[in-house]
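Here the structure is laid out as structure tokens; the discussion comes afterwards.
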Amino acid sequence: MGKSSDIKLITDGKRIDGRKPNELRPVKIKAGVLERADGSAYVEVGGTHAIAAVYGPRTLHPRHLVNAQKAVLRTKYDMAPFSVDDRKRPGPDRRSIEISKVTREALEPVIFLEQYKKTGIDVFIEILQSDGGTRVAGITAASVALADAGIAMRDLVAACAAGKVDDTVVLDLCGKEDNFGQADMPIAYAPNEDKITLLQMDGDFTEEEFETALKYALDGTKRIYELQKKALKERYEKNE
Amino acid sequence: MGKSSDIKLITDGKRIDGRKPNELRPVKIKAGVLERADGSAYVEVGGTHAIAAVYGPRTLHPRHLVNAQKAVLRTKYDMAPFSVDDRKRPGPDRRSIEISKVTREALEPVIFLEQYKKTGIDVFIEILQSDGGTRVAGITAASVALADAGIAMRDLVAACAAGKVDDTVVLDLCGKEDNFGQADMPIAYAPNEDKITLLQMDGDFTEEEFETALKYALDGTKRIYELQKKALKERYEKNE
Amino acid sequence: MGKSSDIKLITDGKRIDGRKPNELRPVKIKAGVLERADGSAYVEVGGTHAIAAVYGPRTLHPRHLVNAQKAVLRTKYDMAPFSVDDRKRPGPDRRSIEISKVTREALEPVIFLEQYKKTGIDVFIEILQSDGGTRVAGITAASVALADAGIAMRDLVAACAAGKVDDTVVLDLCGKEDNFGQADMPIAYAPNEDKITLLQMDGDFTEEEFETALKYALDGTKRIYELQKKALKERYEKNE
Amino acid sequence: MNKIIPELVRNSVIGSIKEGKRLDGRAFDEYRPIEIEIGDLGKAEGSARVKIGNTRVECGVKIGEGEPYPDSPDEGILTVNAELVPMASPYFQPGPPDERAIELARVVDRGIRESKSIELKKLCITPEELVKVVYIDAYVLDYDGNYIDAAAFAAVNALQHTEIPEFGKLPVVKKPISNTFAKIGDAIVLDPSLEEESVMDARLTVTIEDNGHVCAMQKGGSGYFTADEIKNCIKTAKRKTKEIRKLVK
Amino acid sequence: MNKIIPELVRNSVIGSIKEGKRLDGRAFDEYRPIEIEIGDLGKAEGSARVKIGNTRVECGVKIGEGEPYPDSPDEGILTVNAELVPMASPYFQPGPPDERAIELARVVDRGIRESKSIELKKLCITPEELVKVVYIDAYVLDYDGNYIDAAAFAAVNALQHTEIPEFGKLPVVKKPISNTFAKIGDAIVLDPSLEEESVMDARLTVTIEDNGHVCAMQKGGSGYFTADEIKNCIKTAKRKTKEIRKLVK
Amino acid sequence: MNKIIPELVRNSVIGSIKEGKRLDGRAFDEYRPIEIEIGDLGKAEGSARVKIGNTRVECGVKIGEGEPYPDSPDEGILTVNAELVPMASPYFQPGPPDERAIELARVVDRGIRESKSIELKKLCITPEELVKVVYIDAYVLDYDGNYIDAAAFAAVNALQHTEIPEFGKLPVVKKPISNTFAKIGDAIVLDPSLEEESVMDARLTVTIEDNGHVCAMQKGGSGYFTADEIKNCIKTAKRKTKEIRKLVK
């Protein structure tokens, strides 16, 4: 957060890309975009493009990982080298290892893992283009991919971020807002279950700002949730 | 291939080391050069020195690699740090990983792997000095080492390269020709079986040049094949 | 050893920290300093601070390491990044891998490993501050930690170094003496069993200097041995 | 020999919490005893040992020099690393930091970085060329629950006492305090013990700056929180932080 | 759920090929449908998505700067990397590139490098000191056979549309086309599907330059080729390449 | 096929040693035959092959350039690496050097470094900026016991013949000789064979300089030595070293 800079991020109540504070970027969601995976989904949020694939339930290797009570969920978040301004070296770095962890913990609460004892469910997320909010786009995609794979779930998880730029609480930060803003708070939420399954935050929030940001974010996830359901409906209709 | 340069590689029909286009460098082959390995061989082609060792058939670890239908062949090609102009860092790099793969695929077609079900056969190749054509010298050595280890084979594999320098197709490129030439094409060939088991090429060949180079290379491998058989014969005679 | 320098390390028979040649730095030993480990100990030798922890006998993973005849002892020596002048990158380097090996071989001769067949005993050593003699401080701590864990032992192993500075044989080199001295010889010794279980040396010793240094070192270990026993006694009394 | 939490203990923890009590008798918003020992500046430019209950973290600060990042050419560099060393727990394995250790380092890092605790601009020697590098290494030596708060607090204490040779005191102006909560069933407890962590559904860390603002948060674990639970955690954290900040040496 | 090729399908493929037919009805020298989508130049300086049948590769080109190699002090640097990402196939594992991914990268690299596709001398900024570095990353996202041709073709397409900020178009003058054949029994088929690859004895890739010359070849697999088979593959490749090259966007 | 030492051989070795004899008929302080072949300076600036019995080590010396270490700004850099390549023994695995290979490299390094064998100051080109780097790589190609002495001796021989282009002979002024002993029961034998190593209790390496001083020692193995045993090893080493040093080519 907050490289100090002279960049003005809000002018006349409008953000640098013309949005209002509580406005999402254009969101596209498509289920079933890959042939090989058991389930898959593609998500675009503005300039951020994420694709997720699911394999499983399947036999888990190595065997010592097997859990007799439930499926083991594994997640891998990865940014393509060409998804960012300066080429990223391929392979996991500390950031992507942390994001893989919180992504798994964002999805676990809604999957009926106990229905798939002794198996593994693998979720792979690739960020093909990055313009802020890649982890939440990845979680949104992963959730649809899990449903596309026919994995039993309590609810879908929808994810988006809220934050603060130029002392204003805003929804869904783009890359520049993320770089030069004052706070960023990615959230994942299962609306039907009323469960916040991911929450991270860095920057500077008063208690009141936090509460506004949380309201914005939960509101944003609900709108994304509708698009997730629509994408799955289109997928099923196409398959019939 | 083809660092552009002013170096003249052919003068009056002679190559920089005085050879004619279709001439091999001096080749020495010796079987059974190591005590510990089950089979071994040493090959010198001009300034390129390769040693190969074979272990197996033996128990394969880890167990999940075991194939119930046949032996698993594993190959490791390695250049000693002191084998090249600028010291090479020890350990596999991308080049040696690729060469290990194509070496394995060059040897597999001639080994009766199905006679050694559930076992592993390991081939280790060390390049002690490098002056062009290390992978083919390694394959030539490995093939003799496999025979020395008593592994049942349909045929020996002999290997050498052909290429193009100063617009002339030539056999068995030395290091300088490899660096400043126009094409290089390593070939492995089992003469009795008429099987080309390795073929790589980079540079620039017309269809006609390719056909000449292929002819040269197959011809070269046949000469090397005779030296391989001679080395094995000497080895057996010595052992009697 | 022996960065050449103008530093005078002995003046009027006194060393840079005022010690006589055959004098140890102040030594503190405490057993049972960690809650979680099965056994633990803390050792201070001057500015060198080491902590050791023991887990086991416990189930050994991976299973192929299991020895049906005895316990497998594993040791890991590690320097904290902040223990040295220039921050050390975390993780094992070549030096710490070697020290882990000689530490294991210094402890094995005194443990009744055959009493704990098929299990693993793990010894972890962390150097929190380094001022010369870290490996011997680590071995001294590990030995106490093993006893604290209730592992059956023939004897305790006590360790310290002797060396040479300004042409004088000295006991227990501090960091500066180690850096600018002429020889360093770490020794581990089990006094009751009369077993030298670790011996390394680098620098320059005549045969006579070696014998003096060995005498100093064995003498030093005996003093440390008494402090080890005292620490264990205090630990047992406290536990009663 | 083996200290893995037995099923019996797990049931006791849950049963007790349901009745509004913690096994060790603490209130739900009560820390275990906190001990702080400031290092004697041996090889480290700053160091501190913090114990929260039996959880023990050694934190050392080393100062180096290096090239600044291109996007902050006039600022020093902050690097936080954490190690869950295998001596601390039978659950920790030798090897490079796993996802838990990486998350720990990054949560500690965010607290310090986002609160602007260190005046990084003062660590610039030559813009675009040379700046001071602050390495914070947190070593978890004994693990009995809640290593996050112990490591974060050790870092805050170590930074307070960091002296750079031929430079002076490290310019530290904030004391961000991390507060970690565990959700067990419907209850939320502060500073979970190892036993409590073994049964918790989810974890929430809230880091509070000197001015009472939130500067970092992190949810962990396979469970979830409601909006109200998070709001309450923030309120508790703001309140508790005042006590804890006073303990900084 | 599991899409591993069953024995039954393997037998069908072989039986069908013996009768001169491919399971999907293609001629032996026929590619599956090829789709190309040029990236909209987001973060990558150039990018393309290529689908050959259901095999999908995303290729991105990034431009950096660096020191030239000592033996080519006045030339830019070309670096090709390929990833067989685990989302693409149950056969691909997370982790650093294995021998298959490394071979893929090196075969794509040789096609571009040996055809002198990129005018590397134009990428020199200061000889011996600073040159442009061209990073080509090919991500195989969906694997249904023949990732080599898909990746090579994605790279060729991405390079055509690579724009370097404050520099202009990347100087690309050649379009090397890779053609991969599978030998199944005595038959040789172009562009093998996943099912065909699962039964093939050996693989041959022939890369043809704009002038019809061969610039790279690579045999793979545990089987072999005869001299005549290789000559025929080259002839087919020279012929097919003309069609494929027209598809470049 | 498998050359792992059978129990029967182990018992023979021990029985024989007890009777004062070695299985191969050597005296306790006798080396196996030593063969030395100096490399013909192909790519390496210096190289040697040493065989002690059937144990064979190839050692190559490469010369590079680099920045000196801050604490020795006017000295060249010495780097020793050793590889127990898997072709040498069924006990050696592919992969980065394990603890045995690292110990080997460090013991060879200490012999050369501590005897001040190479005049490192003469390898300084520009103080604090550029110095020659001496890379010594010892490759154990065939392992039949006692790779330490074979590697150390190969290094000494290779260094003697190292020529640096446009610089001249590498300034080598000492020939440190390493002598490795195995303790088997109460007996101590020099230059242990593979069979002897398989039953030894402990190992001691004593490296002796030209002037008869000890410059490095290393105990290995799970056993122990007494003070008198070590003193006797040093005496033997001092005596044997004179013979061995004469063999240096």
Side-chain angles (χ1 to χ4, degrees), chain A residues 1-5 70 73 75 85-86 92-111 113 154-155 157 164 179-180 182-190 193-211 213-215 217-218, chain D residues 69-75 79-82 96-107 109-116 120-121 174 176 201-209 211-231 233-235 237-238:
Chain A
M1 275 290 101
K3 303 270 166 257
S4 50
S5 94
K70 58 177 186 176
L73 180 68
T75 52
D85 282 328
D86 292 314
D93 54 13
R94 286 158 50 111
R95 177 180 170 276
S96 64
I97 290 171
E98 186 198 3
I99 294 179
S100 294
K101 179 179 190 288
V102 297
T103 296
R104 188 184 69 235
E105 295 170 338
L107 297 169
E108 280 174 337
V110 296
I111 305 176
L113 294 170
R154 291 178 179 81
D155 196 2
V157 169
K164 185 167 83 169
N179 281 339
F180 301 106
Q182 295 160 293
D184 186 29
M185 179 170 72
I187 293 257
Y189 184 57
E193 295 267 312
D194 189 25
K195 291 177 176 173
I196 294 171
T197 65
L198 172 120
L199 172 76
Q200 297 185 287
M201 181 261 167
D202 61 311
D204 178 273
F205 268 157
T206 64
E207 201 176 335
E208 295 67 37
E209 286 166 345
F210 162 75
E211 295 191 358
L214 182 61
K215 192 178 153 300
L218 294 182
Chain D
Y69 291 120
D71 60 356
S72 52
D74 61 345
E75 293 187 5
T79 297
V80 179
N81 179 58
D98 65 9
E99 61 171 29
R100 296 171 299 180
I102 287 170
E103 184 186 37
L104 169 58
R106 289 177 62 84
V107 170
D109 180 298
R110 285 201 282 266
I112 296 165
R113 189 181 304 277
E114 299 301 334
S115 67
K116 299 181 173 52
L120 293 175
K121 282 201 195 296
K174 295 278 178 60
D201 299 298
R203 196 197 68 213
L204 184 69
T205 299
V206 179
T207 307
I208 304 285
E209 249 200 75
N211 60 6
H213 292 195
V214 184
C215 64
M217 288 195 281
Q218 179 90 347
K219 178 254 171 183
S222 315
Y224 67 92
F225 287 91
T226 64
D228 283 344
E229 287 169 343
I230 295 167
K231 288 177 194 168
C233 286
I234 291 177
K235 282 187 204 307
K238 283 181 70 172

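Chain letters run A, B, ... following the sequence lines, proteins first and then strands; every chain starts at 1. Because the structure is a prediction, the values reported are computed rather than measured.
Looking at D:E209, the atoms closer than 4.5 Å to chain A (heavy atoms on both sides) all sit in the side chain, from C-beta outward. Heavy atoms closer than 4.5 Å to chain D are found in the side chain of A:F210, but not in its backbone. For A:L199, the parts lying near chain D are the backbone and the side chain together; criterion is any non-hydrogen pair under 4.5 Å. Neither the backbone nor the side chain of D:I208 comes within less than 4.5 Å of any heavy atom in chain A. Of the two parts of A:L73, neither the backbone nor the side chain holds a non-hydrogen atom closer than 4.5 Å to a non-hydrogen atom of chain D.
Counting all heavy atoms, side chain and backbone alike, A:A217 lies closest to A:I187 at CB-CG1, 3.8 Å.
For A:K101, the side chain to side chain donor-acceptor pair (under 3.5 Å) partners are A:E105, D:E103, not counting sequence neighbours.
The most heavy-atom pairs under 4.5 Å with chain D, out of A:E108, A:E193, A:R95, A:K195, come from A:K195. Ranked by heavy-atom pairs shorter than 4.5 Å toward chain A, the options D:S222, D:A227, D:A216 are led by D:S222.
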Derivation and outcome, side chain to side chain contact (heavy atoms under 4.5 Å, CB included), residues A:L107 and A:T197: CA-CA 7 Å; A:L107 297 169; A:T197 65; over 6 Å; no
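Inter-residue side-chain proximity for D:Q218 and A:V102 is flagged as met; some heavy-atom pair is nearer than 4.5 Å.
Side-chain atoms of A:E209 and A:Q182 include no donor-acceptor pair closer than 3.5 Å.
Note that CG of A:L214 and NZ of D:K231 are 6.0 Å apart. Values are rounded to the nearest 0.5 Å.
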